[in-house]
Amino acid sequence: TFTMPGGAIAVAVTFVPLSDDGQEPCDGGADCPSHSYTDLGGTGAWYHDAVDYALHNGLINGYGSDSFGPNDALTRAQLAQILFNKAGRPAVTGSGAFADVAPGQWYANAIQWAGQNGIVNGQGNGLFGPDDDITREQLAVMLWRYAGRPAATSTALPFDDTDKISGYALDAVRWAVENGILKGYGGGRLGPQDRATRAQAAQMLKNLFER
């Protein structure tokens with residue numbers, strides 16, 4: 001409530017935008033999506049908003065032990081499952097294309113769907129590597145393919161380790177960097193071959209889907 005005084009006044013208003021999914025900015029309280037996890041470092045952590053976004057939208061779940069594992073590696077199967085969930089878990093028909101993805105595994109439908117839709121190509125020799133840690137460039141490639149393989153408007157990359165980017169990933173990394181989906185560590189380093197952590201994946205997913 002506000003009672004208008006008799007003299008002149010000045011009112012300062014601060015507006016805080018809602019995210020695209022209508023989720024209110026988090027204060028770390030009981031309504032915070034990451035409130036129940038003991039290893040997320042509170043609202044001051046760089047990844048807090050991204051993890052909240054991932055949890056709120058059902059993209060990445062925590063572990064049963066009340067931990068999220070922000071610094072744990074994300075596997076290739078886990079990212080396939082995330083994108084499969086985001087797509088609404090469409091029906092999958094036919095047989096799987098990868099010898100190391102056994103029918104009935106929790107990730108089998110997701111990887112089969114991702115393969116059929118050109119989101120993953122595997123590692124060669126008919127293998128996918130579901131339990132392998134996903135690298136930052138592989139994560140960028142899968143997000144790029146999921147987004148329809150859009151072209152970047154520039155080939156420039158402002159990093160000192162661009163020679164570490166695999167040839168197959170170059171277009172995807174250019175797009176991801178140009179659109180703010182993949183960012184460097186500072187000091188001119190992108191780290192394309194570094195493993196992607198769960199917190200980094202949450203941030204990249206938020207960067208992509210909230211554009």
Side-chain angles (χ1 to χ4, degrees), residues 45-47 50-51 53-54 59-61 63 68-87 96-101 105-108 110-115 117-152 154-209 211:
W46 66 264
Y47 50 72
V51 170
Y53 173 84
L59 298 176
I60 306 177
N61 295 321
Y63 301 126
F68 181 84
N71 298 315
D72 292 355
L74 190 78
T75 68
R76 290 166 53 81
Q78 287 170 348
L79 183 59
Q81 187 68 52
I82 288 167
L83 296 179
F84 182 58
N85 292 344
K86 179 66 176 176
F98 303 108
D100 57 350
V101 179
Q105 291 291 331
W106 62 265
Y107 48 68
I111 293 174
Q112 185 174 337
W113 164 83
N117 286 275
I119 297 169
V120 299
N121 293 331
Q123 298 176 321
N125 298 318
L127 302 177
F128 178 77
D131 297 321
D132 292 352
D133 296 345
I134 196 167
T135 65
R136 285 161 55 85
E137 71 173 13
Q138 289 172 355
L139 203 162
V141 167
M142 289 178 67
L143 295 185
W144 174 67
R145 290 172 178 165
Y146 181 88
R149 301 173 183 250
S154 172
T155 61
L157 287 167
F159 303 102
D160 298 331
D161 57 352
T162 55
D163 59 320
K164 301 295 192 296
I165 303 172
S166 302
Y168 78 90
L170 194 54
D171 286 343
V173 171
R174 285 170 173 160
W175 165 81
V177 170
E178 182 177 87
N179 287 277
I181 296 163
L182 175 62
K183 299 180 181 180
Y185 294 107
R189 195 170 82 86
L190 180 63
Q193 301 296 334
D194 293 358
R195 68 172 194 167
T197 67
R198 286 162 57 84
Q200 290 173 355
Q203 187 66 63
M204 290 179 67
L205 291 165
K206 183 176 187 292
N207 293 346
L208 171 61
F209 295 130
R211 286 191 307 144

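Quantities reported herein were computed from a predicted structural model and do not represent experimental measurements.
The CG atom of D161 sits 7.0 Å away from the CG atom of D163 when rounded to the nearest 0.5 Å. In this structure, the separation between OH on Y107 and OG1 on T75 is 8.5 Å, given to the nearest 0.5 Å.
Looking only at side-chain heavy atoms (C-beta outward), F98 and V120 come within less than 4.5 Å of each other. Proximity of W106 to Q78: side-chain heavy atoms (C-beta onward) are separated by under 4.5 Å at one or more points. Side-chain contact between L157 and L190 is absent, with no heavy atoms from C-beta onward closer than 4.5 Å.
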Show me the donor-acceptor pairs, under 3.5 Å and distance only, between side chains in residues 122-135 and residues at least two apart or in other chains.
unit_1 : atom_1 : unit_2 : atom_2 : d
Q123   : NE2    : D132   : OD2    : 3.1
T135   : OG1    : Q138   : N      : 3.1

Side-chain polar contacts of residues 176-184 - donor-acceptor pairs under 3.5 angstrom, sequence neighbours left out - could you list them?
unit_1 : atom_1 : unit_2 : atom_2 : d
E178   : OE1    : T153   : N      : 2.9
E178   : OE1    : T153   : OG1    : 3.1
E178   : OE2    : T153   : N      : 3.1
E178   : OE2    : T153   : OG1    : 2.7
E178   : OE2    : S154   : N      : 3.0
N179   : OD1    : R211   : NH1    : 3.1
N179   : ND2    : W175   : O      : 2.8

Donor-acceptor contacts under 3.5 Å from residues 141-148 side chains, at least two apart:
unit_1 : atom_1 : unit_2 : atom_2 : d
W144   : NE1    : P150   : O      : 2.7
R145   : NH1    : I119   : O      : 3.2

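Remark: R149 engages no residue in a salt bridge (charged side-chain N to carboxylate O under 4.0 Å, His left out) (not counting sequence neighbours). For the side chain to side chain contact (heavy atoms under 4.5 Å, CB included) test, no residue two or more places apart in sequence or in another chain qualifies with N61. The side chain to side chain contact (heavy atoms under 4.5 Å, CB included) check on A199 picks up W46, Y47, P70, T197, with sequence neighbours excluded.
Between the side chains of D72 and Y63, a donor-acceptor pair is found at a separation under 3.5 Å.
The two atoms that bring A202 and A54 nearest to each other are CB-CB, 4.0 Å, heavy atoms only. A pairwise comparison of heavy atoms in Y53 and K86 identifies OH-NZ, 4.4 Å as the closest pair.
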For this session: Before giving the answer on side chain to side chain contact (heavy atoms under 4.5 Å, CB included), spell out for R189 and D194 the whole-Å C-alpha distance, their side-chain angles and the decisive distance to 0.1 Å.
Result: CA-CA 11 Å; R189 195 170 82 86; D194 293 358; 2.9 Å; yes
For this session: In sequence, state the C-alpha distance, the side-chain angles, and the governing distance for M204 and L208, and then conclude on side chain to side chain contact (heavy atoms under 4.5 Å, CB included).
Result: CA-CA 6 Å; M204 290 179 67; L208 171 61; over 6 Å; no
For this session: Dump the intermediate steps for side chain to side chain contact (heavy atoms under 4.5 Å, CB included) on I82 and I60, then the final yes or no.
Result: CA-CA 7 Å; I82 288 167; I60 306 177; 3.6 Å; yes
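No side-chain donor-acceptor contact under 3.5 Å links Q200 to the backbone of R136. A distance-only check finds no donor-acceptor pair linking the side chain of E137 to the backbone of V173 [under 3.5 Å].
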